[in-house]
Amino acid sequence: IMAVGQPAEPHSVNATGLARRGFTPEQVRNIKNAFRTLYRADLKLAEAIEKLKLAAQTQPEIVPFVEFIGQSTRSLVR
């Protein structure tokens, strides 16, 4: 996730960096959709996490995103 501003706020997904790391266009699209679900869908955090967990069942590239959120001890800036 790329952040901008002062204080920093989540802005977008680094699609170029993901492509350089070997992610396919479909995987990048899935990660962008996960970003939108978490940061742009106007859902409560618990609702967004549940939606991401469902997506992670068929989209393995989302699993680290969901795991990171689950291991967080201080919530997220949204």
Side-chain angles (χ1 to χ4, degrees):
I1 306 296
M2 296 190 312
V4 296
Q6 184 69 16
E9 293 183 5
H11 181 265
S12 60
V13 171
N14 183 355
T16 303
L18 291 171
R20 287 181 183 156
R21 297 267 186 222
F23 285 80
T24 67
E26 181 181 358
Q27 290 173 316
V28 172
R29 190 174 338 106
N30 292 340
I31 292 168
K32 284 182 177 183
N33 288 337
F35 172 84
R36 288 185 195 106
T37 298
L38 186 60
Y39 291 102
R40 304 282 188 250
D42 203 29
L43 298 171
K44 292 181 180 180
L45 181 58
E47 295 169 341
I49 291 170
E50 283 305 312
K51 199 169 182 180
L52 291 173
K53 284 181 180 178
L54 287 174
Q57 293 175 0
T58 58
Q59 302 166 9
E61 59 276 7
I62 305 299
V63 172
F65 198 51
V66 174
E67 289 176 350
F68 177 81
I69 294 168
Q71 293 173 359
S72 173
T73 59
R74 295 194 283 169
S75 193
L76 300 172
V77 174
R78 298 185 350 147

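Remember, it's a predicted structure, so these values are computed and weren't measured experimentally.
Distance NZ/Lys51 to CG/Leu38: 11.5 Å, rounded to 0.5 Å. For the atom pair Met2 CE and Phe35 CZ, the distance stands at 9.0 Å (nearest 0.5 Å). Within the model, atoms CZ of Arg29 and NZ of Lys32 stand 9.5 Å from one another, a figure rounded to the nearest 0.5 Å. Taken from CG in Leu52 to CG in Asn33, the straight-line distance is 10.0 Å, to the nearest 0.5 Å.
When the side chain to side chain contact (heavy atoms under 4.5 Å, CB included) test is applied to Ile31, the partners found at least two apart in sequence or on another chain are Val13, Leu18, Phe23, Glu61, Ile62. Residues passing the side chain to side chain contact (heavy atoms under 4.5 Å, CB included) test with Thr16, sequence neighbours excluded: Asn14, Arg20.
Closest of all the heavy-atom pairs between His11 and Arg40 is O-NH2, 3.0 Å.
Val63 and Val28 sit in two unconnected hydrophobic clusters of ILVMFWY residues. Membership requires side-chain heavy atoms under 4.5 Å apart, directly or through other members. At a threshold of 4.5 Å between side-chain heavy atoms, the hydrophobic network of Ile, Leu, Val, Met, Phe, Trp and Tyr places Leu43 and Val66 in two separate groups.
Residues Leu54 and Glu50 are not in side-chain contact: their nearest non-hydrogen atoms beyond the backbone lie 4.5 Å or more apart.
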